[in-house]
Every structure is written in structure tokens, then in C-alpha cells.
Amino acid sequence: MTKLTIVAFDGTRFDLDAEQGSTVMENAVRNSVPGIDAECGGACACATCHVYVDDAWTGTVGGPQPMEEDMLDFAVDVRPTSRLSCQIKITPALDGLIVHVPERQG
């Protein structure tokens with residue numbers, strides 16, 4: 001299991017044990033993290049699982065692929081660290097990953 005921390009907009013921390021190969025979005029939904037709506041169920045067809053990758057993790061997580069970049073156009077308050085949580089797969093390299101949920105989704 002990989003340690004994953006999702007910080008809700010109100011500051012509540014969700015410290016999770018994430019299964020390898022799952023996505024940040026799947027773990028957020030499974031643990032009822034507020035603010036991760038995930039309307040498309042992880043198909044990269046909406047922007048309702050938008051998160052901000054913690055600055056310390058941006059290099060490790062990397063940037064969005066072109067399809068994800070297109071969907072981020074529909075997100076609210078996009079920042080340089082914005083990603084769709086459905087597109088971040090849990091790997092051993094992401095042990096300790098921290099992401100932040102924005103105030104609202106697109």
C-alpha cells in the first residue's frame with residue numbers, strides 16, 4: 001500500500017492507504033472525500049475530480065497529458081499544479097503523495 005494524503009478545501013486531511021494501480025480519484029471516492037465529484041467515473045471526460053498536487057510532489061507526479069489538459073479547461077481556478085485525480089495512478093514512487101482539493105469543481 002502507498003500512503004496518500006488528500007487535503008479537503010476546509011483543511012481536513014484524509015490519510016489513506018492506496019492500492020497500487022488505483023487512482024487518486026478512486027481512493028477519494030472510496031473514502032468519501034468532499035469536493036471530489038468524479039461525475040464521469042474516471043474517464044477523463046469532465047473536470048470534477050480536479051486537485052492541486054502539493055508543490056513538493058509536482059516533479060514526481062509530472063504534468064497532464066494532452067487529453068487531460070483539454071479537460072482542465074473546464075476546471076475552476078486552474079493552477080500550474082492542477083491535475084485531474086483520475087489521471088494520477090498510484091505507484092510506489094508516489095508513496096506519501098499529498099494533493100489538495102479546490103474550493104469547488106467545474
Side-chain angles (χ1 to χ4, degrees):
M1 293 295 224
T2 298
K3 298 293 183 191
L4 167 64
T5 298
I6 303 174
V7 182
F9 182 74
D10 69 0
T12 303
R13 292 174 62 95
F14 292 80
D15 295 314
L16 311 174
D17 288 320
E19 190 174 316
Q20 301 294 315
S22 66
T23 66
V24 171
M25 181 218 72
E26 290 168 336
N27 287 282
V29 169
R30 191 174 301 123
N31 290 279
S32 302
V33 175
I36 301 293
D37 301 331
E39 290 177 4
C40 75
C44 197
C46 71
T48 62
C49 69
H50 176 216
V51 294
Y52 305 120
V53 175
D54 193 81
D55 290 337
W57 285 93
T58 57
T60 306
V61 172
Q65 297 297 311
M67 186 168 79
E68 181 181 354
E69 283 181 346
D70 289 345
M71 287 296 105
L72 282 168
D73 289 341
F74 299 101
V76 176
D77 193 21
V78 175
R79 300 176 185 175
T81 61
S82 288
R83 290 293 307 270
L84 296 181
S85 60
C86 68
Q87 298 302 297
I88 304 173
K89 287 212 182 276
I90 300 298
T91 66
L94 296 183
D95 191 36
L97 175 64
I98 301 169
V99 299
H100 303 266
V101 178
E103 181 175 9
R104 64 186 180 97
Q105 296 290 348

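The analysis underlying the following values was restricted to heavy atoms, covering all of them including side chains, and did not include hydrogens, waters or symmetry mates.
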Looking at every heavy atom in both [X] and [Y], which two are closest together, and how far apart are they?
X: A8; Y: P34; answer: CB-CG, 4.1 Å
X: A38; Y: M25; answer: CB-SD, 3.5 Å
X: V33; Y: V101; answer: CG1-CG2, 4.2 Å
X: A43; Y: C40; answer: N-SG, 3.3 Å
X: T60; Y: A93; answer: CG2-O, 3.7 Å

Apply side chain to side chain contact (heavy atoms under 4.5 Å, CB included) to T58 and list each qualifying residue two or more places apart in sequence or on a separate chain.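 Checked T58 against side chain to side chain contact (heavy atoms under 4.5 Å, CB included); matches are V53, T81.
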If the condition is side chain to side chain contact (heavy atoms under 4.5 Å, CB included), which residues does T5 pass it with, not counting sequence neighbours?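 Applying side chain to side chain contact (heavy atoms under 4.5 Å, CB included) to T5 gives V7, R13, D15, I98.
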Rounded distance [0.5 Å steps], [atom1] in [X] versus [atom2] in [Y]:
X: T2; Y: Q20; atom1: OG1; atom2: CD; value: 3.5 Å
X: L4; Y: S85; atom1: CG; atom2: OG; value: 9.5 Å
X: I36; Y: T48; atom1: CD1; atom2: OG1; value: 8.5 Å
X: C44; Y: E69; atom1: SG; atom2: CD; value: 10.5 Å
X: C46; Y: Q105; atom1: SG; atom2: CD; value: 8.5 Å
X: L97; Y: I88; atom1: CG; atom2: CD1; value: 6.5 Å

Any chance you could pull the hydrophobic cluster mates of L84, using side-chain heavy atoms under 4.5 angstrom and chaining through other members?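 Joined to L84, directly or through intermediates: M71, L72, F74.
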After noting the C-alpha distance and the side-chain angles of K3 and D17, does the key distance pass the side-chain contact (heavy atoms from CB on, under 4.5 Å) rule? CA-CA 5 Å; K3 298 293 183 191; D17 288 320; 2.6 Å; yes
Please list all pairs passing the ring pair (Phe, Tyr, Trp, His ring centres under 6.0 Å) test where one or both residues lie in residues 42-66, with sequence neighbours left out.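 Found H50-Y52.
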Any side-chain heavy atom of E19 sitting closer than 4.5 Å to one from M1?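 A side-chain contact exists here, since the closest heavy-atom pair is under 4.5 Å.
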Using the rule that Ile, Leu, Val, Met, Phe, Trp and Tyr join whenever any side-chain heavy atoms are under 4.5 Å apart, tell me whether V78 and V24 fall into a single cluster.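 V78 does not cluster with V24.
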Listing request: all salt bridge (Lys or Arg N to Asp or Glu O under 4.0 Å) pairs with a residue in residues 80-101, at least two apart in sequence or in separate chains.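 Every pair satisfying salt bridge (Lys or Arg N to Asp or Glu O under 4.0 Å) with a residue in residues 80-101: E68-R83.
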Salt bridge (Lys or Arg N to Asp or Glu O under 4.0 Å): which pairs involve residues 33-59, sequence neighbours left out?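 Matches after skipping sequence neighbours: none remain.
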Would you say CZ of R30 has more than 12 non-hydrogen atoms from neighbouring residues, nucleotides or ligands within 6.0 angstrom?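 For R30, atom CZ is crowded (more than 12 foreign heavy atoms under 6.0 Å).
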